[in-house]
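All remarks here apply to the structure that follows.
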Amino acid sequence: MITTDFAPGSPCWLDLGAPDVPAAAAFYGAVLGWDYESMGEGEEMEGGMFRKDGKIVAGLGKLTEEGARSAWMIYYNVTDADATSQAVESAGGTVRVPPMDLDKWGRMAQYSDPLGGQFAVWQPGTNKGVELVDEPGSLSWTELYTSDASAAKEFYGGVFGWQFSDMELPGGGGTYSLITPAEKQPEERMHGGLMELPKENLALANGRPYWHPVFNVTDCDAAVAKVTENGGSVQMGPEDAEGVGRLAVCLDPSNADFVVLTPTPS
């Protein structure tokens with residue numbers, strides 16, 4: 001589960017780069033019940049925060065990188081963004097956005113793993129991260145699709161100290177690797193997973209790996225109906241995953257991918 005005490009290496013923030021900010025705000029408002037709070041609409045900045053029940057659950061900004069696809073960016077907590085940048089480069093990754101301060105809120109950097117999967121880190125200042133997780137309408141899991149699970153484990157394990165445990169998916173669906181933030185964290189702190197897929201199954205990112213968020217919802221089928229009613233589409237599901245819950249892999253109208261999950265009652 002994801003918690004808001006944000007152990008090092010655990011997800012603590014996410015934001016969406018969208019070509020049309022008002023349209024994205026309306027879509028996620030309809031699907032996840034989020035309220036959008038604009039932080040600015042000028043030429044240099046367009047974006048803001050999503051809230052659920054008054055608590056910040058994600059960020060939204062204008063997609064400005066030329067040639068980039070609309071996608072969710074997941075940020076992981078670190079104690080030293082500069083040291084993490086060195087670790088990323090030493091492990092064969094790329095620093096896409098060097099560490100930079102965002103006022104007193106914190107320090108951020110963005111990277112690509114050796115195969116091109118994009119992710120980010122947050123060194124907290126006054127802002128620790130999102131304020132609601134693992135509840136309906138909030139982040140409950142993070143997931144990496146990659147063409148080389150072994151290389152991904154080596155890279156992210158080296159950068160974040162993540163621990164991995166493998167499980168076989170039913171029906172010969174392959175191996176799914178569960179991620180725990182660090183070696184001293186108990187298994188109940190698992191926050192994500194990674195799965196190896198053929199490059200042709202990674203067409204959304206032109207064959208490169210990609211991360212996406214999993215959002216908790218009270219009714220997966222109802223959420224999927226809202227996705228399609230509001231211009232999105234469904235890549236997989238809804239379907240039941242034993243011991244996990246009912247889930248669907250979705251795309252918003254700009255093809256940013258995410259998952260909606262109604263967890264199995266504990």
Side-chain angles (χ1 to χ4, degrees), residues 2-18 21 37-40 42-51 55-66 68 70-114 116-134 138-139 141-142 144 152 155-163 179-185 189 191-192 209-213 256:
I2 297 176
T3 64
T4 54
D5 61 0
F6 304 131
S10 65
C12 62
W13 182 257
L14 70 164
D15 54 37
L16 174 67
V21 168
E37 180 182 307
S38 176
M39 303 289 286
E43 289 186 7
E44 301 205 359
M45 174 183 173
E46 182 180 3
M49 305 292 182
F50 284 118
R51 292 182 182 268
K55 295 182 178 180
I56 295 174
V57 290
L60 173 62
K62 179 80 171 179
L63 185 66
T64 57
E65 186 177 345
E66 188 173 347
S70 182
W72 283 96
M73 181 70 70
I74 300 171
Y75 294 71
Y76 296 93
N77 176 284
V78 295
T79 56
D80 188 332
D82 295 270
T84 302
S85 295
Q86 293 177 1
V88 165
E89 292 185 320
S90 295
T94 302
V95 178
R96 299 178 59 251
V97 178
M100 58 184 291
D101 291 323
L102 298 179
D103 293 327
K104 296 181 180 179
W105 296 343
R107 191 164 172 80
M108 61 80 71
Q110 295 185 359
Y111 311 110
S112 294
D113 68 25
Q118 297 183 1
F119 66 104
V121 298
W122 180 252
Q123 178 186 329
T126 57
N127 188 324
K128 307 302 181 185
V130 293
E131 298 171 345
L132 183 71
V133 294
D134 213 38
S138 68
L139 181 70
W141 194 252
T142 63
L144 173 68
F155 173 78
Y156 290 101
V159 170
F160 291 122
W162 287 349
Q163 302 297 297
I179 303 170
T180 305
E183 59 183 339
K184 293 184 180 180
Q185 294 293 327
R189 293 301 300 271
H191 67 258
Y210 56 91
W211 287 95
H212 58 213

Main-chain N/O of Asp103 paired with Asp101 side-chain donor or acceptor, under 3.5 Å:
no
Distance (rounded to the nearest 0.5 Å) between [X] [atom1] and [Y] [atom2]:
| X | Y | atom1 | atom2 | result |
| --- | --- | --- | --- | --- |
| Ser70 | Lys62 | OG | NZ | 10.5 Å |
| Leu102 | Gln123 | CG | CD | 11.0 Å |
| Asp5 | Lys128 | CG | NZ | 12.0 Å |
| Met49 | Ile56 | CE | CD1 | 5.0 Å |
| Met108 | Asp15 | CE | CG | 7.5 Å |

Within the 4.5 Å heavy-atom criterion, are [X] and [Y] side-chain neighbours or not?
| X | Y | answer |
| --- | --- | --- |
| Ile2 | Ser10 | no |
| Thr4 | Glu131 | no |
| Ser85 | Tyr111 | yes |
| Met73 | Trp13 | no |
| Tyr210 | Trp72 | no |
| Val130 | Leu139 | no |
| Val88 | Phe155 | yes |
| Arg107 | Asp82 | yes |

Could you tell me which non-hydrogen atom of [X] sits nearest to which non-hydrogen atom of [Y], and how far apart they are?
| X | Y | result |
| --- | --- | --- |
| Pro98 | Ala109 | C-CB, 4.1 Å |
| Pro124 | Asn127 | CB-O, 3.5 Å |
| Gly9 | Tyr76 | O-CD2, 3.6 Å |
| Leu63 | Ala68 | CD2-O, 3.5 Å |
| Val21 | Glu46 | CB-OE2, 3.6 Å |
| Ala81 | Pro99 | O-CG, 3.8 Å |

Side chain to side chain contact (heavy atoms under 4.5 Å, CB included) between Phe119 and Leu144, worked out: CA-CA 10 Å; Phe119 66 104; Leu144 173 68; over 6 Å; no
**OP:** Specify whether Tyr156 and Trp211 have parallel, tilted or perpendicular ring planes, treating 30° as the upper limit for parallel and 60° as the lower limit for perpendicular.
**Re:** perpendicular
Carefully, step by step, assess Gln110 and Tyr75 under the rule side chain to side chain contact (heavy atoms under 4.5 Å, CB included).
CA-CA 8 Å; Gln110 295 185 359; Tyr75 294 71; 3.1 Å; yes
Are there over 12 heavy-atom neighbours, none belonging to Lys55, within less than 6.0 Å of that residue's NZ?
no
